[in-house]
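One structure is given here, and the rest of the page talks about it.
So that the names make sense, note that chain A is the first sequence line, chain B the second, and so on, each numbered from 1.
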Amino acid sequence: MAKFPKPAEGSWTEHYPQIGTKPVNYEDSISPEFYELERTAIFGRTWLNVGRVEQIPRTGNYFTKELDAVPTSVVVVRDKSGEVRAFHNICRHRGNKLVWDDYPREETSGTCRQFTCKYHGWRYDLEGALTFVQQESEFFDLDKNAYGLVPVRCEVWEGFIFVNMDPDAEPLEGYLGELGAGLKGYPFGEMTQRYSYRAEVGSNWKLFVDAFMEFYHAPVLHGRQAVAEESEKLAKYGYEALAYEIDGPHALVSSWGGMSPPKDLDMVKPSERVLRSGLFGPWDKTIDIDLPPGVNPSKMPQWGEDSFLFFPNFMILIWEPGWYLTYHYWPTAYNRHVFEASLYFTPPRNATERIRQEMARVSFKEYGLQDGNTLEATQTMIETRVVTEFPLCDQEIALRHLHNTARQYVADHQASTETPVDIRA
Amino acid sequence: MTMLPDAFSDLEPFAAKWCIEGQDARYAERLASTMPELQAFYDATLPRLADIMSYLDGFDLASIPSEPQNHNLLLLAYSFVQMSFSVEAWGQPRVPDSGAAEILAVYEPAI
């Protein structure tokens, strides 16, 4: 029996009839050909979050971002007027990667007055203009104005910096839709204490999004993280979300969360009791937050956390105790991707607050290690194609939507190209 | 001079092993430890955790890294948090079924 109300249609999935309820084919996660299409159809056309404004607070601050799927590398910089700009990270002379340190394929960050190519010393200002050419008189009618850095569309939403390779893409704010609009005003800018993780994962990028857009797995895969009695109770109880929302290509899972603080202290581990912190974050709020209307959309008192997926590969998790988490999934092959997670808290005011944050981020890693390894186990077996149709439940609605959306983007792209490639849906 | 403040001399036997900078290094130390080692550290530190927090709260957080004993105590607390899962959840140093998975802390605050 449902513990939380579902839509009148009887299920979240049927509330959105375009999503369907049939078993799902995962060919889109195991086909090298499909991945090749996704690179252009999805990663070449959608808004991709590459960081936050706090990473480049002052003029001349920059960071680079490797976008293997596109493929390109971009350099994001705060220019002299304080605007955030992005450029393809390539020197106009002979194509050397412009900004890198030690290892060309590793991301870097720093501060500069201008970008100087390591190869022949061509220089570009923070607005991308070519300002210096070594031995300029050796060139033939070189018009420096025609050789500035190649700009990438770059827009900022609530402090999040996005790029888009498609010059015709709609503006960022419209792309983020109602789900984005409903998040506006959350105090992201006050949560500047960041802890970031990176993992190379042996699965298709969508499989890890799947793992974090359903919590049906949580009482089972992560059962032992709770104390034994609580774990049994959780497994019996199962998982039901408070609400799901589908908005264009994006999706939201809204969850209950009774662990911060727990109703009964015996539910949690001894160290959590002393620290008053755990996976759901420090139990005691550090700032008052007026939640924007899109958070906890069902306005349930049991609310604990919202997971927003902004297609294709950016998630924001808003936690009731007053912190947030971001995930990124950067494909590097059909069966590999780089996973990034960042936890953001208000700056700790004392050691206690700092140690509580340590508990939250360590807990995250413990869970993440279980999730990450399970994905490789899934990837290798669905690649066998021994089984090709998988039944997904109502709590997995966002997964259906993600895979439907990816297939739709690829189909739309194929329809617009002359020689479509046959891909099973 | 001891590694930890005088009030925490009972934890001094664990200081050389567990006062470690960086979460990846703390996790590596956990994996390199035996369960008896982890259990001993856990049993000694859990009852002292509240004292550690209230003692360190007597100092400006930003100043702690410049006071070696206080800094070591903070790092010891981080290590406790890191290894507590081995004792409280897993019964082994490693997260179960995490064989090939690796998650690295690529950015962490100075304190």
Side-chain angles (χ1 to χ4, degrees), chain A residues 55 107 109 192-202 221-228 231 268-277 339-343 345 347-377, chain B residues 23-24 26-27 30-31 42-43 45-65 67 70-71 73-92 94-111:
Chain A
Q55 292 169 252
E107 292 168 355
S109 61
T192 55
Q193 175 92 347
R194 173 166 71 99
Y195 305 84
S196 293
Y197 289 111
R198 182 183 193 276
E200 293 187 18
V201 181
L221 182 63
H222 306 306
R224 283 172 65 192
Q225 298 233 14
V227 296
S231 176
V268 300
K269 296 173 290 169
S271 60
E272 294 180 53
R273 265 174 250 159
V274 179
L275 287 172
R276 298 183 61 77
S277 181
F339 169 69
E340 296 170 340
S342 291
L343 295 80
F345 303 92
R349 290 168 294 200
N350 52 45
T352 292
E353 288 188 4
R354 175 61 185 81
I355 296 168
R356 288 173 175 168
Q357 293 177 0
E358 190 69 15
M359 187 58 164
R361 76 150 168 160
V362 165
S363 301
F364 171 79
K365 175 169 171 166
E366 302 287 311
Y367 280 75
L369 279 167
Q370 293 186 306
D371 289 313
N373 221 27
T374 300
L375 295 175
E376 194 156 333
Chain B
Q23 198 196 57
D24 288 342
R26 292 189 286 271
Y27 188 68
R30 162 177 152 186
L31 295 192
Y42 178 89
D43 289 344
T45 309
L46 179 67
R48 299 288 273 139
L49 201 53
D51 299 330
I52 291 174
M53 292 193 289
S54 60
Y55 174 85
L56 289 175
D57 283 351
F59 300 88
D60 174 22
L61 181 61
S63 77
I64 288 179
E67 303 278 345
N70 290 349
H71 192 216
L73 189 61
L74 184 63
L75 295 176
L76 187 94
Y78 294 168
S79 282
F80 170 80
V81 168
Q82 177 63 245
M83 56 66 59
S84 66
F85 285 83
S86 301
V87 171
E88 293 180 339
W90 311 132
Q92 63 180 50
R94 182 181 284 277
V95 179
D97 296 334
S98 70
E102 190 175 47
I103 296 179
L104 298 178
V106 290
Y107 180 87
E108 47 196 344
I111 300 173

Structural part of B/Phe59 lying under 4.5 Å from a heavy atom of chain A: neither
By a 4.5 Å heavy-atom criterion (distance strictly below it), what part of B/Glu102 contacts chain A: side chain, backbone, both, or neither? backbone
Derivation of the side chain to side chain contact (heavy atoms under 4.5 Å, CB included) call for B/Phe80 and A/Val274: CA-CA 12 Å; B/Phe80 170 80; A/Val274 179; over 6 Å; no
If you look at every heavy atom in A/Tyr197 and B/Val106, which pair is closest and at what distance? C-CG2, 4.0 Å
Counting only non-hydrogen atoms closer than 4.5 Å, does B/Arg94 touch chain A with its backbone (N, CA, C, O), its side chain (CB onward), both, or neither? neither
List the steps, then state whether side chain to side chain contact (heavy atoms under 4.5 Å, CB included) holds for A/Ile355 with B/Tyr78. CA-CA 7 Å; A/Ile355 296 168; B/Tyr78 294 168; 4.2 Å; yes
Give a yes or no on whether the backbone of B/Phe85 and the side-chain of A/Glu366 come within a donor-acceptor separation of less than 3.5 Å. no
Heavy atoms only: give me the nearest A/Ala351-B/Leu74 pair and the separation to one decimal. CB-CD1, 4.3 Å
Counting heavy-atom pairs under 4.5 angstrom with chain B, the leader among A/Asn373, A/Val201, A/Leu375 is A/Asn373
I'd like to know whether B/Gln23 forms a side chain to side chain contact (heavy atoms under 4.5 Å, CB included) with A/Tyr195, so could you lay out the CA-CA distance, the side-chain angles of the two residues, the decisive distance to 0.1 Å, and finally the verdict. CA-CA 10 Å; B/Gln23 198 196 57; A/Tyr195 305 84; over 6 Å; no
Specify which of B/Ile103, B/Asp24, B/Asp97, B/Asp60 makes the most heavy-atom pairs with chain A at under 4.5 Å. B/Ile103
Can you tell me which residue among A/Arg194, A/Arg198, A/Arg361 is in a salt bridge (Lys or Arg N to Asp or Glu O under 4.0 Å) with B/Glu108? A/Arg361
Are the side chain of A/Arg354 and the backbone N or O of B/Ile111 linked by a donor-acceptor pair below 3.5 Å? yes
Could you go through A/Ser271 and B/Leu46, starting from their C-alpha distance and side-chain angles, then the distance that decides it, and tell me whether this counts as side chain to side chain contact (heavy atoms under 4.5 Å, CB included)? CA-CA 7 Å; A/Ser271 60; B/Leu46 179 67; 4.3 Å; yes
Please determine, among A/Glu376, A/Met359, A/Lys365, the option with the most heavy-atom pairs under 4.5 Å with chain B. A/Lys365
Could you tell me which portion of B/Tyr55 (side chain, backbone, both or neither) has an atom closer than 4.5 angstrom to a non-hydrogen atom of chain A? neither
Structural part of A/Leu275 lying under 4.5 Å from a heavy atom of chain B: both
Test item: A/Arg276 and B/Met53 side chains (from C-beta on) under 4.5 Å apart, heavy atoms: no
Tell me, for A/Pro347 versus chain B, whether the close heavy atoms (under 4.5 Å) come from the side chain, the backbone, both or neither. neither
